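Here's the structure we're looking at; comments come further down.
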Amino acid sequence: MRIENHKIPGIWYGQSSNLGARRQNPPVIIVLHYTTGWNGAASRDWLMGAAGGSSNRGSSAHVVIDRDGTAWQIAPFNRTAWHAGPSRYGTLEGINAHSIGIEFVNAGWLKPNGLGDFVDAYGKRFTGRALKKAGGYQMAPHARVGSGDFAWPLYPEAQLATGLDLVHALVGHYPIRAIVSHEEIDTRGWKTDPGPAFPMERFRVTLGEAADREPLAVVTAGRLNLRGGPGTQFEKVVPPGTLLRGTRLKIMNRDGDWAFVTPQNPDGREGAVTGWVHAAYIAPVIAA
Ligand SMILES: [Zn+2]
C-alpha cells in the first residue's frame, strides 16, 4: 500500500459525513479499534454517518478493515475523524486531532452465560462451536468488563495482514510516534478495544526506529526515585535521589518496565546525571 494525497489509491473510498477540520499538523499517533460488530459493511456505513445512510452523527474513523482483509477508507488522513473520544496519550490530550483511527471488524467480548454459550454486546447468543466457525476465540479476563473470563473473537490473518500493510504505509508517510489501542488512551476507563485477542506488538514493531525518535518523557508521580539500575534493589542516585512531578526526561534506553534516563535541568537544558526510573511513572511527551 502507498499513500497519495492522504488517500490509499486502489482501495474503496467513500467520505464519512462525520469529520472535523482539515489538520494543521500531520498525524503522530495511530489508534487501533474494534467495531463491536460482526458485519463490516454495516459498521462502515454507520461510521460514514449521513453519507452511509445511517443516523450516526457522532463517530467515524479513517479506515475500516473487514475480516476477509477488505479495506474501506472513509476519511482522508489530513482530516480529523471521531474515533478516540475523551483521550490522552502521554502529555497529548484529545487524540482525535492528532491521530489516524483504524477500525477492525470484530465483535469484542462475549460473556459466558453459564450454560456453555456466550452472549455478545447486543445480547445475541452463540455456541462455542458457532464462535469457532466464525474464526475462533480466546478466553481472557478484562477488569473493565467484569470478573471472570470472557470470549474474545480472534482476528483472521487476512484482516491483520491488511492492517499491517496499512500501518506500515502510514508510518512511512507520516511522522507517527506511537501506535496505541483505544483502551490505553481512553480517559473514561470504558473502552476495551481492540482487546486481548489483538496482536498489538506485531503492529508496534512497524514503528521500528521511529519509536527511538521519541526520547522525551515527563514524570507523572509526585516523587519518583532515580536509581542506579533497573530495579528497586538498586540504590538511589544522590543527588538528586528523587525527581519531582513534571520533570522532563530524555530516555536513553529501556529494560523491561524500567527506563534509563537523563533528567533535564529546570532551565530545560540536559542535566549531567543519569539513572533508572520505573516507566509506569513517566509519560511520553509527543509534540503535536
Ligand atoms: Zn474504539
Side-chain angles (χ1 to χ4, degrees), residues 16-20 27-49 52 54-67 70-75 77 79-90 92-111 120-122 135 137-138 140 142-146 150-156 159-160 162-164 166-167 170 176-204 206 286:
S16 175
S17 303
N18 303 343
L19 299 183
V28 290
I29 296 175
I30 296 173
V31 185
L32 306 177
H33 303 263
Y34 60 53
T35 53
T36 321
W38 300 94
N39 184 321
S43 289
R44 175 201 66 199
D45 291 348
W46 174 255
L47 292 166
M48 287 178 69
S54 85
S55 60
N56 171 28
R57 298 290 179 271
S59 61
S60 55
H62 289 93
V63 178
V64 180
I65 302 178
D66 207 355
R67 298 180 66 75
T70 302
W72 298 296
Q73 186 172 4
I74 58 173
F77 299 122
R79 290 280 297 275
T80 291
W82 304 331
H83 54 95
S87 48
R88 182 186 309 120
Y89 182 72
L92 209 55
E93 286 193 52
I95 300 307
N96 278 339
H98 310 290
S99 66
I100 290 166
I102 304 174
E103 294 275 357
F104 290 84
V105 177
N106 188 293
W109 56 268
L110 292 92
K111 202 176 159 65
D120 75 8
Y122 303 96
Y137 63 98
Q138 77 175 61
H142 199 299
R144 286 185 177 182
V145 188
F150 299 86
W152 302 83
L154 301 180
Y155 291 82
Q159 185 183 32
L160 293 173
T162 299
L164 284 163
L166 170 61
V167 166
L170 291 170
I176 301 296
R177 298 303 186 87
I179 297 171
V180 301
S181 68
H182 191 186
E183 175 178 344
E184 69 184 283
I185 59 164
D186 165 37
T187 52
R188 290 178 296 195
W190 297 352
K191 295 295 180 176
T192 52
D193 57 317
F198 191 85
M200 217 42 220
E201 267 318 301
R202 283 175 64 186
F203 284 78
R204 286 211 169 100
T206 62
I286 293 186

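Counting begins at 1 with the first residue of the sequence. Side-chain atoms are counted along with the backbone in the values below, which use heavy atoms only and exclude waters and symmetry mates. Keep in mind that this is a model prediction, so the values were computed, not measured. Whatever order the structure lists them in is the order used to number ligands and atoms, beginning at 1.
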- request: Provide the atom name of the closest N, O or S atom of D193 relative to the Zn ion (ligand 1).
  value: OD2

- prompt: Are any of the side-chain heavy atoms of H83 and S99 separated by less than 4.5 Å?
  reply: yes

F203 side chain near I102 side chain, heavy-atom distance below 4.5 Å: no

message: Quick one, P153 and W109 - any side-chain contact, counting heavy atoms below 4.5 Å?
response: no

- request: Please determine if the Zn ion (ligand 1) has an N/O/S atom from H83 lying under 2.8 Å away.
  value: no

message: Side chains of Y122 and T36 only: does a donor on one sit below 3.5 Å from an acceptor on the other?
response: no

message: How about CZ on R79, more than 12 heavy atoms from neighbouring residues, nucleotides or ligands closer than 6.0 Å, or not?
response: yes

- prompt: Looking at the Zn ion (ligand 1), is one of the N, O or S atoms of E183 less than 2.8 Å from it?
  reply: no

- line: the Zn ion (ligand 1) -> H182, closest N, O or S atom is ND1

- prompt: Do you know which N/O/S atom name in H33 is closest to the Zn ion (ligand 1)?
  reply: ND1

